[in-house]
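One structure, pasted below without further comment.
Lettering follows sequence order; numbering is per chain, from 1. Because the structure is predicted, anything quoted here is derived from the model rather than measured.
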Number of protein chains: 2
Amino acid sequence: MPKPPAVPKSAAARKRPPQRRAAPDAALADSGKAARSRRTQARILDAAEELFSHHGIYGVSIRDIADRAGVDTALLHYHFANKDGIYEAVMLRRAGDVNEARKRAMDDYARKSGGKPSIEGIVRAYMQPVFERLRTGGRGFNNYAALIALANNSALWGGGTVKEYFDPAVQRLVDLLRLALPKAREEDLYWGYQFLSGALTLSYSRNARIEGLSHGRCRANDYAAIEPRLVAWCAAGLRALGACR
Amino acid sequence: MPKPPAVPKSAAARKRPPQRRAAPDAALADSGKAARSRRTQARILDAAEELFSHHGIYGVSIRDIADRAGVDTALLHYHFANKDGIYEAVMLRRAGDVNEARKRAMDDYARKSGGKPSIEGIVRAYMQPVFERLRTGGRGFNNYAALIALANNSALWGGGTVKEYFDPAVQRLVDLLRLALPKAREEDLYWGYQFLSGALTLSYSRNARIEGLSHGRCRANDYAAIEPRLVAWCAAGLRALGACR
DNA sequence: CGGGTTATTGATCAAATCGTGAATTTCGCG
DNA sequence: CGCGAAATTCACGATTTGATCAATAACCCG
């Protein structure tokens with residue numbers, strides 16, 4: 001009886017298709033059943049990522065995703081159990097990569113700068129992986145970023161699993177800032193992060209107000225223009241916060 | 001196309017009978033049919049405001065709103081035609097008031113400061129009306145602000161009518177900043193506004209990450225703590241942007 | 001090549017959704 | 001009072017949504 005594993009309702013979100021390792025020979029890395037399945041899942045997640053980033057989780061139906069991915073509705077349930085499963089998978093797919101890169105960049109900078117890291121350097125290291133991927137990561141990462149921005153300004157900041165990927169990088173950032181701003185109050189470091197976070201996420205959100213406001217002088221996704229300005233902005237703000245004790 | 005599901009299903013709350021209105025005596029200013037109608041519409045908008053701010057426009061059904069307002073679904077269509085009409089009415093209801101107050105505050109400050117307005121003063125005048133209402137405006141304005149934050153980081157920044165209320169105040173802000181930062185590049189003034197806007201909206205959004213990150217040291221809606229820090233932060237950032245030409 | 005597992009589709013359901021038009025209440029006004 | 005318009009409710013239909021079950025296609029391995 002080929003039946004999709006009827007997972008108990010309580011553990012529905014846990015369900016994952018058995019993930020086989022790629023064939024050891026790997027003459028062709030992505031041939032074979034498992035690889036094909038993985039590619040299909042990726043196509044589903046790509047579609048969901050794009051649609052979620054435009055309309056939010058509730059503005060997209062499972063059918064919308066299935067149509068855009070070119071598969072049947074039931075397949076989404078087979079791979080991801082339900083809609084929340086799809087959403088969580090989308091949120092987690094890139095979370096590890098970008099935050100590992102953040103921690104690596106901050107560690108590298110901390111080592112390179114010896115005992116005297118600059119605020120600019122710390123902030124730049126934290127932001128650089130995101131901007132790099134925004135510029136070169138294709139439409140996929142841009143959709144993901146817009147979705148993160150959407151979730152960040154709402155109550156549903158992921159199902160609760162997302163923070164486990166994002167929070168450690170933030171703590172690393174705050175730790176470095178504490179080193180560079182020894183006179184700053186502890187709470188001001190966190191307020192500083194919150195302001196930084198708000199400005200950063202708005203920059204890769206789907207909001208393009210600035211184009212109309214500036215009469216076309218600024219383009220909303222001109223990340224080459226945004227990155228240095230945002231670094232300077234946040235560094236100055238952090239210094240002001242750290243000094244106002 | 002985005003067609004909506006719903007959010008929270010409280011079976012008990014669903015069958016709650018329509019709440020009878022308060023005593024009809026009330027011989028006060030607004031009795032009469034028109035006033036009653038206006039009060040009903042206000043109740044509907046209050047309910048929609050709260051639900052939209054939590055779950056987004058697609059996460060709320062017309063029934064959810066009607067139930068919470070204690071009226072029939074058809075009444076929402078009678079007053080606001082359809083869901084988009086409700087959304088627009090919610091967005092516009094407080095838009096005029098807060099932005100008029102912003103312009104007034106900036107005009108007052110510009111006059112009071114003569115020809116030498118400070119960055120801090122300008123930014124404070126722009127933000128003050130919002131923080132004042134967040135502190136004293138009751139739950140209604142807090143819901144509205146959270147909804148604005150949600151819309152601000154998404155593609156649907158109002159149906160297009162909202163910007164006509166918000167943009168003039170922003171332009172007034174930029175005009176004053178141009179005066180106070182004569183060496184700044186034109187586009188940097190707008191980037192500055194964008195960063196300011198991101199940090200500001202995140203501060204009154206429904207995101208409470210900072211409470212967990214700071215281990216309870218910061219409370220997400222401690223506006224008395226946020227306002228002065230955000231003013232200092234943005235002023236420092238603007239100065240840095242304006243000087244880096 | 002053939003059995004068995006996995007991936008994918010087709011058909012379908014119960015519930016929820018938006019919207020409408022007819023009834024019913026409320027209330028101003030003559 | 002009592003008529004008529006505005007405000008509000010009732011009942012309902014067409015459509016969409018999330019989800020499931022059985023049936024088929026693709027593939028691996030012996």
- Query: For B:Leu76 and C:dT20, what is the distance between atoms CG and P respectively, to the nearest whole Å?
  - Reply: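 For the pair B:Leu76 CG and C:dT20 P, the rounded distance is 13 Å.
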
_Heavy-atom pair of closest approach, residues A:Met127 and A:Cys234_ =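 Heavy-atom minimum between the residues: CE-SG, 3.8 Å.
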
| said: Does D:dT17 have its OP1 or OP2 closer than 4.0 Å to a side-chain nitrogen or oxygen of A:Ser61? | reply: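 The answer is yes; a side-chain N or O of A:Ser61 sits under 4.0 Å from OP1 or OP2.
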
- Does A:His77 make a side-chain N or O approach to OP1 or OP2 of C:dT8 shorter than 4.0 Å?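 Indeed not, no polar side-chain atom of A:His77 lies that close.
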
> How many Å lie between CZ on A:Arg63 and C1' on C:dT9, as a whole number?
Replying inline: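 Atom CZ in A:Arg63 sits about 13 Å away from atom C1' in C:dT9.
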
**Prompt:** Considering only side-chain heavy atoms of A:Ala74, which listed nucleotide, C:dA7, D:dC21, C:dG19, is closest?
**Reply:**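 Selected nucleotide (nearest to the side chain): D:dC21.
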
side-chain hydrogen bond (donor to acceptor under 3.5 Å, both in side chains) pairs, two or more places apart, involving residues 128-138 of chain B:
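Only B:Asp97-B:Arg133, B:Gln128-B:Glu132, B:Arg135-B:Glu227 qualify under side-chain hydrogen bond (donor to acceptor under 3.5 Å, both in side chains).
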
| said: Just to verify, which of A:Asn153, A:Leu200, A:Leu202 counts as forming a side-chain contact (heavy atoms from CB on, under 4.5 Å) with B:Leu202? | reply: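 Of the listed residues A:Asn153, A:Leu200, A:Leu202, the side-chain contact (heavy atoms from CB on, under 4.5 Å) partner of B:Leu202 is A:Asn153.
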
Side-chain donor-acceptor pairs under 3.5 Å in residues 164-171 of chain B, sequence neighbours left out?
residue: B:Asp167; atom: OD1; partner: A:Arg209; partner atom: NH2; Å: 3.4
residue: B:Gln171; atom: OE1; partner: B:Tyr190; partner atom: OH; Å: 3.2
residue: B:Gln171; atom: NE2; partner: A:Leu213; partner atom: O; Å: 3.0

Remember a base hit wins even if backbone is also touched, and classify B:Ile62 as base, sugar-phosphate or nothing at under 4.0 Å, heavy atoms.
->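 B:Ile62: backbone/sugar contact only, no base atoms under 4.0 Å.
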
- For the residue pair A:Arg93 and A:Asp46, establish whether any side-chain heavy-atom pair is separated by less than 4.5 Å.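 A side-chain contact under 4.5 Å exists here.
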
Nearest nucleotide by nearest heavy atom, which residue falls closer to the 5' end of DNA chain C, B:Asp84 or A:Leu75?
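First, find each residue's nearest nucleotide; the 5'-ward one identifies A:Leu75.
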
Separation of D:dT16 C1' from A:Lys83 NZ (nearest whole Å):
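These atoms are roughly 11 Å apart.
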
Discussion item. Rounding to an integer number of Å, can you tell me how far A:Phe80 CZ sits from C:dA7 C1'?
Written reply: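 Atom CZ in A:Phe80 sits about 13 Å away from atom C1' in C:dA7.
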
For this session: Report yes if at least one side-chain N or O of A:His79 is closer than 4.0 Å to OP1 or OP2 of C:dT6; otherwise report no.
Result: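 Looking at the OP1 and OP2 atoms of C:dT6, neither is under 4.0 Å from any side-chain N or O of A:His79.
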
Could you tell me how far apart A:Asp67 (CG) and D:dT17 (C1') are, to the nearest whole angstrom?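 About 13 Å, once rounded to whole Å.
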
Nearest-Å distance for atom pair CZ/P, residues A:Arg38 and C:dT8: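 These atoms are roughly 12 Å apart.
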
Does D:dT8 have OP1 or OP2 under 4.0 Å away from a side-chain N or O of B:Tyr78?
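False: B:Tyr78 side-chain N/O out of range (4.0 Å or more) of D:dT8 OP1/OP2.
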
Q.
Need to verify one output field. Residue with the more 5' nearest nucleotide on DNA chain D, A:Thr73 or B:Asp72?
A.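 Its nearest nucleotide being more 5', the pick is B:Asp72.
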
Open item on the list: For a quick test of reading the model: is some side-chain N or O of B:Thr40 closer than 4.0 Å to OP1 or OP2 of D:dT8?
Closed with: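 Yes, B:Thr40 has a side-chain N/O under 4.0 Å of OP1/OP2 on D:dT8.
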
Inset, instruction - Round to the nearest Å and state the distance from B:Arg39 atom CZ to C:dT26 atom P. - result: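 Nearest whole value for this atom pair: 15 Å.
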
Quiz item: With respect to the phosphate group of D:dC27, does any side-chain polar atom (N or O) of A:Arg36 fall under 4.0 Å of OP1 or OP2?
Solution: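 Answer is yes, contact under 4.0 Å.
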
